[in-house]
Amino acid sequence: MAKLKRNISLTDADLLSLEEILFNAEAVESRERFDEVYGKNLNLKLFIRQLVGLDRNAAKQAFGKYLEGSSFNATQIRFVETVIDYLTQNRDK
């Protein structure tokens, strides 16, 4: 979960471990129960990201790479900052 919060890609092993923890939890019961409640097409990575959110520094770092070496004006940079604000404050949307 910390990797998702910090915008670090999950490996297949990470995802398997996460699924094992989640689907063996007493409250969830099983993958079948999870699918019944949330639907079969729910992406587990996005589901967890919605729960834990996105770290502001991780978002700034990712967008910083995008802005690096570019010639965006102040309005365009402020727009990117607004996107970062949205991504880090509205995790349930």
Side-chain angles (χ1 to χ4, degrees):
M1 287 190 255
K3 281 185 170 183
L4 285 172
K5 183 150 185 86
R6 293 185 184 108
N7 199 35
I8 299 171
S9 296
L10 294 182
T11 64
D12 290 339
D14 292 333
L15 191 54
L16 286 173
S17 178
L18 189 58
E19 286 178 345
E20 184 177 317
I21 291 167
L22 179 65
F23 300 132
N24 289 331
E26 191 172 313
V28 176
E29 298 173 17
S30 66
R31 175 67 194 214
E32 291 75 25
R33 178 70 178 136
F34 181 85
D35 289 345
E36 184 179 304
V37 173
Y38 295 103
K40 292 183 180 187
N41 296 323
L42 179 64
N43 180 306
L44 187 59
K45 290 179 191 179
L46 292 177
F47 176 73
I48 299 298
R49 169 66 54 79
Q50 288 175 345
L51 292 176
V52 301
L54 177 62
D55 180 72
R56 182 169 182 73
N57 289 330
K60 288 184 84 162
Q61 183 179 16
F63 279 99
K65 291 176 185 176
Y66 171 73
L67 294 172
E68 194 174 281
S70 64
S71 58
F72 293 111
N73 64 38
T75 302
Q76 292 168 318
I77 292 171
R78 181 63 198 133
F79 175 76
V80 170
E81 291 171 355
T82 302
V83 170
I84 292 169
D85 290 343
Y86 180 85
L87 291 173
T88 57
Q89 295 173 9
N90 299 294
R91 67 180 184 221
D92 61 337
K93 301 205 168 85

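Residues: numbered from 1 along the sequence shown.
By the side-chain contact (heavy atoms from CB on, under 4.5 Å) test, Asn57 pairs with Asp55, sequence neighbours left out. Looking at residues two or more places apart in sequence or on another chain, you find a salt bridge (charged side-chain N to carboxylate O under 4.0 Å, His left out) between Arg78 and Glu81, Asp85. By the side-chain hydrogen bond (donor to acceptor under 3.5 Å, both in side chains) test, Glu32 pairs with Ser30, sequence neighbours left out. Take Ser9 and apply the side-chain hydrogen bond (donor to acceptor under 3.5 Å, both in side chains) test, not counting sequence neighbours, and it matches no residue. Taking the salt bridge (charged side-chain N to carboxylate O under 4.0 Å, His left out) definition, one finds that Lys60 meets it with nothing, sequence neighbours left out.
Clustering ILVMFWY residues whenever any of their side-chain heavy atoms sit less than 4.5 angstrom apart, transitively, puts Leu54 in the very cluster that holds Tyr66. Leu87 and Phe79 fall within the same hydrophobic cluster, defined by Ile, Leu, Val, Met, Phe, Trp and Tyr side-chain heavy atoms under 4.5 Å apart, directly or through other members. Note on Tyr38: it clusters hydrophobically with Leu4, by side-chain heavy-atom contacts below 4.5 Å among ILVMFWY residues. Under a hydrophobic clustering in which Ile, Leu, Val, Met, Phe, Trp and Tyr are joined whenever their side-chain heavy atoms come within less than 4.5 Å, directly or via other members, Val37 and Leu18 fall into the same cluster.
Other residues, nucleotides and ligands place no more than 12 heavy atoms under 6.0 Å from the CD atom of Gln61. Counted within 6.0 Å of CZ on Arg6, heavy atoms from surrounding residues, nucleotides or ligands total 12 or fewer; the atom is thus considered open.
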Which pairs would a plain distance check flag for residues 67-75, meaning a side-chain donor or acceptor within less than 3.5 Å of a matching protein atom at least two apart in sequence or in another chain?
{"residue": "Ser70", "atom": "OG", "partner": "Leu67", "partner atom": "O", "Å": "2.4"}
{"residue": "Asn73", "atom": "OD1", "partner": "Thr75", "partner atom": "N", "Å": "3.0"}
{"residue": "Asn73", "atom": "OD1", "partner": "Gln76", "partner atom": "N", "Å": "2.8"}

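Using modelled atom types and a 3.5 Å distance limit, the side chains of Ser17 and Asp14 yield no donor-acceptor pair.
Side chain of Lys5 to main chain of Val52: a donor-acceptor pair is present (N/O by atom type, distance under 3.5 Å, no hydrogens or angles).
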